Every structure is written in C-alpha cells, then in structure tokens.
Asks: 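Mind having a look at this structure? Questions to follow.
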Amino acid sequence: MKFKTNINLIFIYILTFSIFLQIGYFFDGAHRYIPLRVVILACFIYLFVVVSHKKININRLCFFIIALSIQLFYLIFWSNHYTEDLLPRSIGNFLYIICFGFIFNSMCEKLSKKQILTLLYFGCLFFLIILSIETILRFMYPSLNSSQLTSEAAQKLEGDASLIYSGDLPLTEYFYTFKYSSILFFDSNYVGLIALMIVFILKYIHFSSIIIKTSLLEFIAVSLLVLSFSRSAILVLIIFYFYYYFVLSSHRNVKFISIVLFGILITISPLFIMDSNIQDGSFHTKVQIMLSLYNKFDEIPAVQLLFGAGPVVGGYIFSYKDGGYAHALLALIMGELGILGILIILFFYTYIILKLKKWGVMFLIVTFIPGLSLIDPYQIFYYWSIIAIFRAEYNKQE
C-alpha cells in the first residue's frame, strides 16, 4: 500500500511539473505543446493501469464517458466550420482538459489534505521559478520572441529595443516592448494572470496550514505580477486582497483599514488604467469585443448561436475586428461553445462557490473578473488549482 502511495505521489508530481513547462518560444508560440502530450500520454497510462488491475470506479468512468460524449456531440455542429488541419486542434483542446481533470482528480482522491497542500506549494514554487526566468529574459532581451509577431510589428519591436538601451526612447513609449517578448505566452499579460492565480493558491495554503510558510513566495508572485504590466491583473489583485482580508480577518481594525485602502485604490486605479488604455487602444479593443456580442447576435445562425463554432474558429467570431482574436471570456465562450457553453460556465462557477464557499468566490474573482478583459479558458493551471483545492477541502486530513 505504501509503495502504491509513493508511486501515485511521484506520478502526480511529474504530471504537475510537466504541465507548467508552457514554453511557447521553442514551439512556434504553442505553449501547450509539452503539457498536452504529457497529459494525453498520462491518461493512457492511467487507464491501462486501472483496467489491468480491474479497479474501475463506475462514477468516475461515467463522468469521463459523459465528458467525451459532450465533445462528440459538439463536433457534430462544428464540422462545417473546420478543415482537416483545424479539427485535430479543436479535439485536442477539449481532450487536454477532460483527460487532465479525469486523471488528476482521480490521483488527488488518494492524497491527504497535508499532501495536497504540499503539492500546491511546490507546484507554485516551480511555476514561480519559470515565471522568474521569463521575466528576467523579457527585460534583458525585449526582442527575443519577436518571431511570433507580424513582420512589421517585429521590426518595430526590435527597433524600440535598441532605442531603449541607448536611452533614446522614453518610458511612456516602450511600454509594450516589455510585454511582447515573453518566452512562455503571446504576451506578458498571461504571466500576470498566472501570478494572480498563484497568489490565490498561496493565500489558501497560508489559511489552511500553520506549518507551510508562503510569505516569500507571495512577495515574488506579486512582484512578477506587477512586472508583467498587466493592468487588469493588478486591479483584480487589489480586489482580491480586499475581499481576503475583509472576509477572513477577525479584527475590526483590519476590516476597517482594508475598506479605506480599497476605497482609495479602487478610485485611483481605474483613472490610471482607463487613461493608459485609451491612449494605447487597449480599452477600445475590449469595448469593441463586448459590443460585437450585441451587434452580431442577430447575424449568427441559430445552431451556431446555440453550440458555437468550436475552438480556434469560434475565437474570432465576436471580436474587435475581422481576423482579430476575441480574448475576453464571455466572447470566447459564446463564439466557441455558444449559449450552451455560457450555461456550462455559469454552472461551473455556481458549483465551485456552493462547494468551496469563500474560496469559490475568490476563485471567481481571480479568473472571471480579469477574464472580462483577457483569459485563456484552456489554461490548465486553473483546473490544476481548483481540483487540488477542492480535494484538499474534501479529503481526509491525514
């Protein structure tokens, strides 16, 4: 029994560290290249072990079959939107999440709360190391990943990079130069969203364990978040801290101070964010994406409106321009999964809040609110986090 437990722990740590190797720089911007292959392989290994030992959990198997059935059901309505090269990518996106959720939840069921908290801690530590390397490289070599941009944008980025270090370009004009050189994702906004999620996890660990110290890692995560220049992540971090200290603190003074600071910061922050967003066009882009949901509603066929057009294609339907990617959560889900997808998302968040109470609300804060501006709904780190926290809450203490 002890040997099997150790094998399960080793396997779950290998899986965890593998899904954090989201290094898009080496794979033409495909940051899911390594995690996707590891997850699919791990799923086949897990199913082989389970079947060979004849230990099939009927409830778990039914969940897996239902999830795959939903995928096949959706493919019927997506078939008209896909060519032969796009269809595998669509299937892969869903299998990625379904397979990971299936095996990771199954393995976490066998762990104690203490083991899961330790897993969360070392997972965050490993990801912070990767994000720290990314941040250092992004500031040292701002044109490192210019190959993922259009030729015109790449040339401008490389030109700006040379002007920065010669001192000929003012700070206000090279803001984006340090955003589009990420070796992990398309830009550093996604780094900020990951760092925000890590802060949430570390706060959960801190609240749940008096043994594991998280202060240093939290400081690093907040620093990396700020250095990502993600304005939505910074604003949501303020909202998150307010909710955390206001809800969980038992001291009235802390509650009062948190309200005062939150009031000041929430008043100042939008002024800065709105001003900078209007200047660089980012704010207009987000508004146009939301307006597209309204303007194109009557133009979309009823079947597509209900079931979406699938990943890849659906991400460009409700956008700020033709050929532009709709990077906001509601627009993405509506374009890819349709109204049914919106209902699934609402059910998902409702279920999480009902089960995890205050931690469910905080998960909503750090994913849904920034998702109104930017999100990757297939970012596996979100699913890793919430499954682990869910299991930590409902598994045995030891």
Side-chain angles (χ1 to χ4, degrees), residues 3-27 29-49 92-93 95-138 182-185 190-202 204-205 209 212-214 216-218 220-221 224-225 228 376 378-392 395:
F3 175 75
K4 290 182 178 179
T5 302
N6 290 337
I7 291 295
N8 184 64
L9 270 176
I10 293 172
F11 193 76
I12 202 169
Y13 271 93
I14 291 174
L15 180 63
T16 292
F17 292 154
S18 297
I19 66 170
F20 295 159
L21 295 175
Q22 302 183 32
I23 310 173
Y25 177 76
F26 296 111
F27 306 103
H31 66 270
R32 286 192 285 266
Y33 189 91
I34 294 176
L36 174 62
R37 284 151 181 80
V38 171
V39 166
I40 299 299
L41 177 62
C43 188
F44 280 113
I45 293 174
Y46 182 82
L47 289 174
F48 174 78
V49 172
N93 279 342
L95 285 179
Y96 181 45
I97 302 302
I98 293 171
C99 291
F100 174 78
F102 174 70
I103 57 176
F104 187 66
N105 180 63
S106 300
M107 290 187 292
C108 282
E109 283 182 343
K110 303 173 184 178
L111 303 182
S112 67
K113 182 172 184 175
K114 181 179 179 181
Q115 289 175 319
I116 294 175
L117 291 175
T118 305
L119 173 68
L120 284 168
Y121 178 84
F122 282 109
C124 288
L125 174 61
F126 183 71
F127 216 162
L128 282 175
I129 292 173
I130 294 176
L131 295 183
S132 297
I133 295 171
E134 184 275 348
T135 302
I136 292 170
L137 291 175
R138 180 157 43 86
S182 174
I183 63 168
L184 302 181
F185 311 108
Y190 293 100
V191 174
L193 296 179
I194 295 294
L196 178 64
M197 193 70 193
I198 290 176
V199 172
F200 163 68
I201 297 170
L202 292 174
Y204 174 77
I205 297 172
S209 174
I212 304 176
K213 305 302 179 183
T214 61
L216 178 59
L217 294 191
E218 184 180 346
I220 295 172
L224 294 174
L225 187 154
S228 73
D376 175 10
Y378 304 103
Q379 172 54 254
I380 205 164
F381 184 54
Y382 297 143
Y383 302 94
W384 176 84
S385 306
I386 201 61
I387 291 173
I389 290 175
F390 185 89
R391 280 296 151 204
N395 286 9

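Just so it is clear, the values below take in all heavy atoms, side chains as well, and ignore hydrogens, waters and symmetry mates. For clarity, every value in this text was computed on a predicted model and none was experimentally measured.
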Asks: I'd like to know if the side chain of T16 and the backbone of Y13 have a donor-acceptor N/O pair within less than 3.5 Å.
Replies: no
Asks: Please assess Y382 against L193 for the test side-chain contact (heavy atoms from CB on, under 4.5 Å), listing each intermediate value before the final yes or no.
Replies: CA-CA 10 Å; Y382 297 143; L193 296 179; 3.8 Å; yes
Asks: Might you point out which heavy atoms bring M107 and F11 nearest each other, and give the distance in Å?
Replies: SD-CD2, 3.0 Å
Asks: Quick one: sort the F126 and F17 rings into parallel, tilted or perpendicular, breaks at 30° and 60°.
Replies: tilted
Asks: Nearest 0.5 Å, please: how far is SG in C124 from CD1 in I129?
Replies: 11.5 Å
Asks: For S209, what residues pass the side chain to side chain donor-acceptor pair (under 3.5 Å) criterion, not counting sequence neighbours?
Replies: none
Asks: Quick one: ring pair (Phe, Tyr, Trp, His ring centres under 6.0 Å) partners of F100, sequence neighbours excluded?
Replies: F104
Asks: Does any non-hydrogen side-chain atom of L184 lie less than 4.5 Å from one of L131?
Replies: yes
Asks: Quick check: closest heavy atoms across S228 and R138, and the distance to 0.1 Å?
Replies: CA-NH2, 3.9 Å
Asks: Please test Y204 against L117 for side-chain contact (heavy atoms from CB on, under 4.5 Å), starting from the C-alpha separation and ending with a verdict.
Replies: CA-CA 9 Å; Y204 174 77; L117 291 175; 3.6 Å; yes
Asks: Taking all heavy atoms of A388 and all of L120, pick out the closest pair and write down the distance.
Replies: CB-CD2, 3.6 Å
Asks: Just how far is it from atom OH of Y190 to atom CG of L196, taken to the nearest 0.5 Å?
Replies: 14.5 Å
Asks: With E218, which of I205, L202, L128 fulfils side chain to side chain contact (heavy atoms under 4.5 Å, CB included)?
Replies: L202
Asks: First locate atom CD1 of I220, then atom OG1 of T214, and finally report the distance between them rounded to the nearest 0.5 Å.
Replies: 11.5 Å
Asks: Would you say V38 and I19 make side-chain contact, with heavy atoms under 4.5 Å?
Replies: no
Asks: Using the ring of each side chain (for Trp, its six-membered ring), is F20 parallel, tilted or perpendicular to F381, with breaks at 30° and 60°?
Replies: perpendicular
Asks: Working to the nearest 0.5 angstrom, can you tell me the gap between I183 CD1 and T135 OG1?
Replies: 9.5 Å
Asks: With side chains defined as the heavy atoms from C-beta onward, is the minimum distance between L224 and E134 less than 4.5 Å?
Replies: no
Asks: Would you name the heavy atoms of A221 and A195 that are closest together and state the gap between them?
Replies: O-CB, 3.5 Å
Asks: Taking the side chain as C-beta and beyond, is there a heavy-atom pair between T118 and Q115 under 4.5 Å?
Replies: no
Asks: Taking all heavy atoms of F185 and all of Q379, pick out the closest pair and write down the distance.
Replies: CE2-NE2, 3.8 Å
Asks: Using 0.5 Å steps for rounding, measure from the CD1 atom of I14 to the CG atom of L9.
Replies: 11.0 Å
Asks: Could you give the distance from CG (L119) to CH2 (W384), rounded to the nearest 0.5 Å?
Replies: 5.5 Å
Asks: Are the side chains of I380 and Q22 in touch, meaning some heavy atoms are under 4.5 Å apart?
Replies: yes
Asks: Please tell me if the side chains of N8 and L111 come closer than 4.5 Å, counting only heavy atoms from C-beta onward.
Replies: yes
Asks: For a quick test of reading the model, state the closest non-hydrogen atom pair linking C108 to R391 and the distance between them.
Replies: CB-CG, 3.5 Å
Asks: Please examine the side chains of M197 and F127, heavy atoms only from C-beta on, and report whether any two atoms are closer than 4.5 Å.
Replies: no
Asks: In the structure I gave you, are the side-chain heavy atoms of C99 and I103 within less than 4.5 Å of one another anywhere?
Replies: no
